[in-house]
Every structure is written in C-alpha cells, then in structure tokens.
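Take a look at the structure below.
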Amino acid sequence: MKTTEKNVLMTKCIKVTLNRCVNYNMKEIMNIIREMQYLSSKAYNLATNYLYIWDTNSMNFKNLYEEKIVDKDLLGKSKSAWIENRMNEIMKGFLTNNVAQARQDVINKYNKSKKDGLFIGKVTLPSYKMNGKVVIHNKAYRFSKNEGYFVEIGLFNKEKKEELNCDWIKFKLDKIDSNKKATIYKILNGDYKQGSAQLHINKKGKIEFIISYSFERENSIKLDKNRTLGIDIGIVNIAAMAIWDNNKQEWELTRYSHNLISGNEAIALRQKYYKLGLRNKELEKNINRELHELEEKEYRGLSTNIISGHNLTYKRIMLNSKRIRLSQSCKWCGNSKVGHGRRVRCKQVDKIGNKIERFKDTFNHKYSRYIVDFAVKNNCGIIQMENLKNFNPSEKFLKDWPYFDLQTKIEYKAKEYGIEVIKVNPKYTSKRCSRCGCINELNRDCKKNQSKFKCVNDECNNYENADINAAKNIALPYIDKIIEQCLETNKVV
C-alpha cells in the first residue's frame, strides 16, 4: 500500500479586528490607513499595467517617464526593481519593506494570470479596488501579550515617522476566539512561521488585520494512493462522489439517497410559516434557521456521496431576484437615494450582491470540507475532479455557482492531508457507462430525465443515478486516455 507519509508545508491565514490604537489618535490613524489603501491600490494597478506593457511591447518605455529610461544597461536595474521604484513614487512615506512585499505580491498575481491564459483571453488583467488592502512585510509587525493581545505595525519610513512623530503603531486586538489565540501564541512561540499581512478598513468602519502563517504538518494519516475519489459537479447535485479501489478493481459501495435534500422541503417550510401568519422578516428568519439545520444534517451525515443543490439553488434564486428588483427600481428612487451617482442609488443592490458572494463562499467552504473529510474517512489518497478550464464560460451551470472556487478550496484542504488532486477532461464522462464502457448520446436523455442514466447496450442495461455514473467514470485512473482510445475504435452514436 502506498501512503502519504511526507510532512506537508501548510500556509494559512487568520483575520483579527484591531480594537483601538494605544500610542496614536485612533481617528487620525484611520484616516491615514484609508489614504494608504487608496495609494496602494493606485500603485498596484500602475505596476500591473507596466508588467503587461513590458510583456506585450505595446509602447516604448522611454515615453512613460520623460527622463527615466527603462534600460537595464543604463540603470543597472531589473524589471522588478524598476517597477518597485515607480511604486515608491506613489506610495510616499510607506515603509520600504512593505513596498517590496507589495511589489512581489503584484508580480505573483500577474504571473498567475499569465499562466491561466491572460494573453489568449481566458482571464482578464488583474485589477485592484481603490479601497484595497495595505500589504505588510512579515518583519514589519510583531505580536505581544500583556493583559490582552497586541500587535505593533510598522507603516512608515524614516521621513514619515519624523513628520508624524510616531514610530510603530500599536493596536489592541478585539475579542478573539480560542483558535485564533492558539495561532497567535504559536507565532509568538516560533512554532508557526510568521508571513506577510494585510491591513484595511472594512465596510463597518473597523480595522481588520489579515495574518498569514506557515508550518510543517506531520502527515500521520496514511492514505491509500490506490483508492481514488471521483467528483462530478452539476446543478441539481452540487457534487456527486464515487470511490474506485485500484487494488480490487471495483467501486466502493456507498449509500447516498437517504441524505439527498430536495427543494420541495424549502417550499413546504415557506408554506408552513405563511400559514402561521408571520411577517416576512420573521418568516425568512425561521426558514433560514430550519434550512441551516437541514444543511448541517446533510453535510455532517454518517455516509453520503451526493451533495444536493436544491436548498442552495433556492437561496441563490431568492437573493438574486431581490437584487434584480432593487436594480430595476433604482431609476425611480427618491431624492434620499440621489447625490453621488451610482454609488448611492445602487447601495442596496450592492449590499445584496455582497450577501450572495458571502453566501457562496460560506457554502463552498462547507462543501469542500465535507468532500475532503469524506476522502479521508474512506482512505482515498487521490481526488479526481473535472478540469473546468476547457468549458465555455457561457455555460449556465458555471454562471450559477463558482465551481472554480469550490475546486480551489477542495485542493488546498486536500493538501493538508497530503491528498493528491488530479483534474481530468470531463468530456463524455456523463455519456459513458461506468459498467461496460459504452459511449452513446442516448445513454442519458437530458430532455426527458436528466437525473437518470440507462445504458443502451443490451448486454449491460446499467441503470443508475446519472451524476453517480459520471463520478464513477471520473474516479477511474487515466479516464481521459480510456475514453480517447474508445473513441478511436468506435464512433459515438
């Protein structure tokens, strides 16, 4: 049995709220942070544009700044060093280490977009909002504990410190839970390596500090690399899972139907509370509470290999319809909603949009945690998923839910246990019979009954849930090559 015994380097982050400033006026420091957020975002966008222009050679860098000529032989500077100098011109008064860290973060994000297909139109050029985050170098902040937890942050260079008559800014941390306390304690102790951080003021007017840290996790869990968990994603069922045991050359038998939650339950709940004569606010509160209880039962079930999307779809449609109604009513809004153009008129619309995004993020965390826990519980050393990069971005189901985000969360949670994640081409996995290998368009009639799969091969007649059948195909090692060889010998009917 092959096992994952190697230590895994984990990188995580926590977010804390800074309650008050100990050695400086809180209102003044908040104004300074807001200005730094604006200047940082401006510098990040400028640096990103320079990187793009540099790669595309779309204009002569000699014309960007009058007397500044971008030539390594003349200036003796690399591309990244020149870009950092341009960022310093905007981020005046910033600590040099923080500017250097910000420059590296911008370059890393730009390089990732290039890798993801920036120059062939698959992704857009990264951009930064004007109320973005201020990057802090890992040596530019330090924690302390004395009747509470404190953090000292270095924001300014020597000239700015003299101007403000202030060195490092010391903040007291707001109430934090036991997990965050344990993390900060381990950073202070040296058990965790302190990484870079980000500082910003959130929409509620509170200062948030996001800290990254890394550590080596000893992977004591021994998982079998010959057992693969296949995951098929869809609309009705967000994720369907199947396990392939390469030693036994068969699929693991698992139960799933008893934990499948239908959207009819949400409708029944709504009708139930309307009959009680509750107001809309009370109605939504009760429905959300009971839906949450149903979801918890679903995600924490003892054994299931289907995650239902009915409640998810109900919640998404409810929020989205409200956002559309608000958006349409903006043109007729009263004088109280007019004054600063779109920002004030669409405040409620943006609020609903943000709520939808937070809802998606929370649920993706729950889904991904359940899937990885399911893999560990069933001793799977490999997870195979669909490669969504080849999909048309206009596909309806990709618009309905951020599946790329779900896959990303599955990947980094799987890494925590040393589980290898492989992405396969999903083409024909929904049309292929997992029992006999027959590929036929009639195996799954999406118009009449999308949820069922019935093999047209008379010798097979396999009949099962369509998503589970697809998950079984995805779980097979080298399924891409298996389907490719099948297509070469037999044409798809």
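The residues of the chain are indexed from 1 along the displayed sequence.
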Looking at [X] and [Y], what are the two nearest heavy atoms and their distance?
X: Pro477; Y: Ile482; answer: O-CD1, 3.6 Å
X: Asp224; Y: Asn226; answer: OD1-N, 2.9 Å
X: Ala471; Y: Asp232; answer: N-CB, 3.8 Å
X: Cys380; Y: Ile243; answer: SG-CG2, 3.8 Å
X: Ser196; Y: Ser212; answer: O-OG, 2.6 Å
X: Ala197; Y: Ile211; answer: CB-CA, 4.2 Å

When rounded to the nearest 0.5 angstrom, what distance separates [atom1] in [X] from [atom2] in [Y]?
X: Glu252; Y: Thr228; atom1: CD; atom2: OG1; result: 12.0 Å
X: Lys42; Y: Met130; atom1: NZ; atom2: CE; result: 8.5 Å
X: Asn462; Y: Cys455; atom1: CG; atom2: SG; result: 6.5 Å
X: Ile107; Y: Lys114; atom1: CD1; atom2: NZ; result: 10.0 Å
X: Tyr428; Y: Glu441; atom1: OH; atom2: CD; result: 6.5 Å
X: Lys180; Y: Lys175; atom1: NZ; atom2: NZ; result: 14.0 Å

Is there a donor in the side chain of [X] and an acceptor in the side chain of [Y], or the other way round, less than 3.5 Å apart?
X: Ser434; Y: Asn469; value: yes
X: Asn473; Y: Arg432; value: yes
X: Asp480; Y: Asn425; value: no
X: His200; Y: Glu208; value: yes

[X] with [Y]: basic N within carboxylate O range, under 4.0 Å:
X: Lys454; Y: Glu464; result: no
X: Lys423; Y: Glu411; result: yes
X: Lys109; Y: Asp105; result: no
X: Asp116; Y: Lys112; result: yes
X: Asp373; Y: Arg369; result: yes

Checking [X] side chain against [Y] main chain: does a donor-acceptor pair fall under 3.5 Å?
X: Asp245; Y: Gln249; result: no
X: Gln384; Y: Leu229; result: no
X: Asn202; Y: Lys204; result: yes
X: Gln194; Y: Asn138; result: yes
X: Asn461; Y: Asp458; result: yes
X: Asp174; Y: Thr17; result: no
X: Gln104; Y: Gln101; result: no
X: Ser430; Y: Ala470; result: no
X: Asn189; Y: Tyr185; result: no
X: Trp244; Y: Glu250; result: no

Check Ile207, Val134, Leu18, Asn131 against Ile201 for a side-chain contact (heavy atoms from CB on, under 4.5 Å) and give me the one that passes. Ile207

Do [X] and [Y] touch side chain to side chain, with heavy atoms closer than 4.5 Å?
X: Arg227; Y: Asn378; result: yes
X: Leu199; Y: Lys133; result: no
X: Cys438; Y: Asn443; result: yes
X: Ile419; Y: Leu223; result: yes
X: Val424; Y: Asn387; result: no
X: Ile83; Y: Leu51; result: yes
X: Arg435; Y: Asn457; result: no
X: Ile483; Y: Thr429; result: yes

Residues, nucleotides or ligands: over 12 heavy atoms within 6.0 Å of Lys427 NZ: no

Step through the shown structure and confirm whether more than 12 heavy atoms of other residues, nucleotides or ligands are within 6.0 Å of OH on Tyr478. no

Tell me, with the steps shown, if Ile176 and Leu173 meet side chain to side chain contact (heavy atoms under 4.5 Å, CB included). CA-CA 8 Å; Ile176 52 178; Leu173 271 60; 4.3 Å; yes

What is the ring orientation for [X] with [Y], classed by angle as parallel under 30°, tilted 30 to 60°, or perpendicular over 60°?
X: Tyr213; Y: Phe215; result: parallel
X: Tyr128; Y: Tyr44; result: perpendicular
X: Tyr52; Y: Phe119; result: parallel

Quick one, Glu216 with Met10, criterion side chain to side chain contact (heavy atoms under 4.5 Å, CB included). Give me CA distance, side-chain angles, the key distance, then yes/no. CA-CA 6 Å; Glu216 279 195 359; Met10 298 298 303; over 6 Å; no

Where do Trp251 and Leu476 land on the side chain to side chain contact (heavy atoms under 4.5 Å, CB included) test, with the steps shown first? CA-CA 9 Å; Trp251 284 283; Leu476 285 173; 3.9 Å; yes

Apply side chain to side chain contact (heavy atoms under 4.5 Å, CB included) to Leu125 and Tyr110, showing your working. CA-CA 8 Å; Leu125 191 68; Tyr110 173 76; 3.8 Å; yes

